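Okay, so here's the structure we're looking at.
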Amino acid sequence: MLWFVLRRLAAGVFLLLVISFVSFVLLSVPHLDVARQLVGQAAPQDVVDAKNAALGLDRPVLARYAAWLGDAVSGDLGRSWFTSEDVLTAIGNRLPVTVSLMLGVTLVTAVLAFLLGVWAGVRRGAVDRFVQVLGVVGYALPGFLVTLVIVLVFAVRLRWFPAIGYTPLTTSVPGWLSTVVLPIASLSVAAVAGVSQQVRGSVIDVLRQDYVRTLRARGLPPRRVLFRHVLRNASAPALTVLGMQFVGLLGGAVLVEQIFGLPGIGSMTVTYTTRGDTPIIMGLVMTTVVCVVVINLVVDVLVGWLNPKARTA
C-alpha cells in the first residue's frame with residue numbers, strides 16, 4: 001500500500017509541474033496590458049515600460065517561470081499585482097468557503113446516490129426504471145437552469161433561504177447552513193444523477209456474480225450479503241465516479257458562487273482572471289491541482305482498500 005501511495009504522489013507532482021508550466025506560458029501571451037492598467041491609461045510609455053520591468057514582464061518566459069517555481073517551492077507564491085495582498089493569504093481567506101461547499105455536495109451526493117443506486121439495483125422493475133428516469137433528467141438539465149429554478153422557488157417565492165450572501169461557520173452554524181443549502185442543492189442534482197447510475201450498474205453486476213448466488217444458497221441473510229459483500233465490491237467503481245464528480249464540481253463552483261454571491265475561489269477566479277493578475281491566477285491553479293491530486297489519492301487509496309487487485313493495476 002505504501003508503494004501504491006508513493007506512485008500516486010509522484011504522478012501528482014509531475015501533473016502539478018506540467019499544469020503550472022502550461023498555465024504560466026498561456027498567461028504570458030500578451031492579451032492584457034497589465035502594466036498600463038496599473039499605472040493608468042493616460043500614463044506615458046516609459047512609465048509603462050518601467051512597470052513591466054518592475055513586474056519582470058520584460059524577461060523571457062522560461063526565466064520568469066523558473067523564478068516563480070523556485071519561490072513556489074519555498075512557499076512564496078508572490079503578491080497580487082493589483083491589491084498587493086499575499087497570494088497565500090488571499091486564497092486562504094476564500095478557500096474554506098469553496099471547500100465547505102464541495103464537502104457538502106460530496107456528502108449529499110454519496111448518501112443520496114448510494115441509496116438510489118442500491119434501491120434500484122436490488123429492487124429492479126418499476127423502481128429501477130424510476131431511478132433511471134430521475135438520473136437521465138437530473139444529468140440532462142443544464143446546471144444554470146437548475147440553479148435559477150432553485151433560487152426562484154426556495155429563495156424568492158418561499159423565502160426559506162437567502163438568495164445571496166454567506167455567513168462563516170465560525171460566526172453562526174445555523175446562518176452558515178442557511179447560506180449553503182441552496183448552492184449545495186444546485187450542485188448536487190447532476191452529481192447524484194451520475195453517481196447513482198454508476199452505483200446501480202455496479203450493484204447489478206455484483207449481484208449476478210457466482211459467489212453472491214453461493215452465499216445466498218448457503219442461507220446467509222440477504223442484508224448481510226448486501227452490506228458485507230455486494231456493497232464492498234460495488235463501491236469501488238462508484239467511488240471513482242464520485243471523485244471525478246468532485247473534480248468537476250470545482251468548475252461548477254465558479255457559476256454557483258457568482259449566482260449566490262459566495263466569496264470562494266470560484267468567484268475569485270473570475271475576478272482576477274479578467275484583470276490578468278498572474279500571481280493570483282497561478283496560486284489558484286496550484287490550489288486547484290493540489291485539491292485534485294489529494295482527492296484522487298484518497299479515492300485511489302479507498303479503491304485499493306476495497307479491491308486489492310486495483311493496487312497492482
Side-chain angles (χ1 to χ4, degrees), residues 80 82-83 85 89-116 133-196 242 244-275 277 280-281 283-285 287-288 291-292 295:
S80 168
F82 288 83
T83 64
E85 187 178 8
T89 302
I91 295 177
N93 291 334
R94 292 173 174 258
L95 186 60
V97 179
T98 303
V99 170
S100 63
L101 190 63
M102 297 299 99
L103 291 178
V105 175
T106 302
L107 178 62
V108 170
T109 301
V111 173
L112 294 182
F114 272 81
L115 288 175
L116 290 173
V133 170
L134 284 181
V136 172
V137 172
Y139 205 76
L141 288 174
F144 71 90
L145 180 60
V146 173
T147 303
L148 292 177
V149 170
I150 288 177
V151 171
L152 288 174
V153 173
F154 295 100
V156 178
R157 295 290 180 84
L158 299 178
R159 297 184 180 181
W160 290 354
F161 305 99
I164 59 173
Y166 178 77
T167 301
L169 181 62
T170 54
T171 302
S172 171
V173 175
W176 169 81
L177 190 61
S178 66
T179 55
V180 299
V181 166
L182 295 186
I184 289 175
S186 63
L187 286 172
S188 298
V189 173
V192 170
V195 178
S196 64
L242 185 63
M244 295 172 61
Q245 291 284 355
F246 186 93
V247 174
L249 290 173
L250 291 174
V254 175
L255 173 65
V256 169
E257 289 180 5
Q258 288 287 98
I259 293 177
F260 290 99
L262 302 180
I265 62 173
S267 57
M268 184 183 187
T269 301
V270 175
T271 302
Y272 285 91
T273 300
T274 55
R275 294 177 178 176
D277 198 330
I280 292 288
I281 299 172
L284 291 170
V285 169
T287 302
T288 303
C291 290
V292 171
I295 292 301

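Just so it is clear, the structure is predicted and the values come from calculations on it, not from any experiment. Residues take their numbers from the sequence shown, with the count starting at 1.
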Rounded distance [0.5 Å steps], [atom1] in [X] versus [atom2] in [Y]:
| X | Y | atom1 | atom2 | answer |
| --- | --- | --- | --- | --- |
| L182 | I164 | CG | CD1 | 12.5 Å |
| C291 | I265 | SG | CD1 | 6.0 Å |
| T109 | L112 | OG1 | CG | 7.5 Å |
| S178 | W160 | OG | CH2 | 14.5 Å |
| Q258 | T147 | CD | OG1 | 12.5 Å |
| E85 | I280 | CD | CD1 | 6.5 Å |

Looking at F82, I want to see if its CZ is surrounded by more than 12 non-hydrogen atoms of other residues, nucleotides or ligands under 6.0 Å.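 Enclosed: over 12 neighbouring heavy atoms sit under 6.0 Å from CZ of F82.
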Look at atom CG of L177 and say whether more than 12 heavy atoms of other residues, nucleotides or ligands are closer to it than 6.0 Å.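 Atom CG in L177 is crowded, with more than 12 foreign heavy atoms closer than 6.0 Å.
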Looking at every heavy atom in both [X] and [Y], which two are closest together, and how far apart are they?
| X | Y | value |
| --- | --- | --- |
| P183 | S186 | O-OG, 2.8 Å |
| L262 | T179 | CD2-O, 4.2 Å |
| I281 | Y272 | CD1-O, 3.6 Å |
| L101 | V180 | CD1-O, 4.4 Å |
| T98 | G264 | OG1-CA, 3.4 Å |
| L152 | V156 | O-CB, 3.4 Å |

Would you check, one step at a time, whether the test side chain to side chain contact (heavy atoms under 4.5 Å, CB included) holds for E257 with V270? CA-CA 10 Å; E257 289 180 5; V270 175; over 6 Å; no
So does S80 get a backbone contact from the side chain of T83, meaning a donor-acceptor N/O pair under 3.5 Å?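 No.
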Without swapping roles, check the side chain of T171 against the backbone of T167 for a donor-acceptor pair under 3.5 Å.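 Between the backbone of T167 and the side chain of T171 there is no qualifying donor-acceptor contact (under 3.5 Å).
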Between Y166 and S100, does a side chain to side chain contact (heavy atoms under 4.5 Å, CB included) hold up when you go through it step by step? CA-CA 12 Å; Y166 178 77; S100 63; 4.0 Å; yes
Do M268 and P263 touch side chain to side chain, with heavy atoms closer than 4.5 Å?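 A side-chain contact is absent here, since even the closest heavy-atom pair is not under 4.5 Å.
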I295 vs M102, test: side chain to side chain contact (heavy atoms under 4.5 Å, CB included). Steps then yes/no. CA-CA 11 Å; I295 292 301; M102 297 299 99; over 6 Å; no
Steps toward side chain to side chain contact (heavy atoms under 4.5 Å, CB included) verdict (L107, V111): CA-CA 6 Å; L107 178 62; V111 173; 4.3 Å; yes
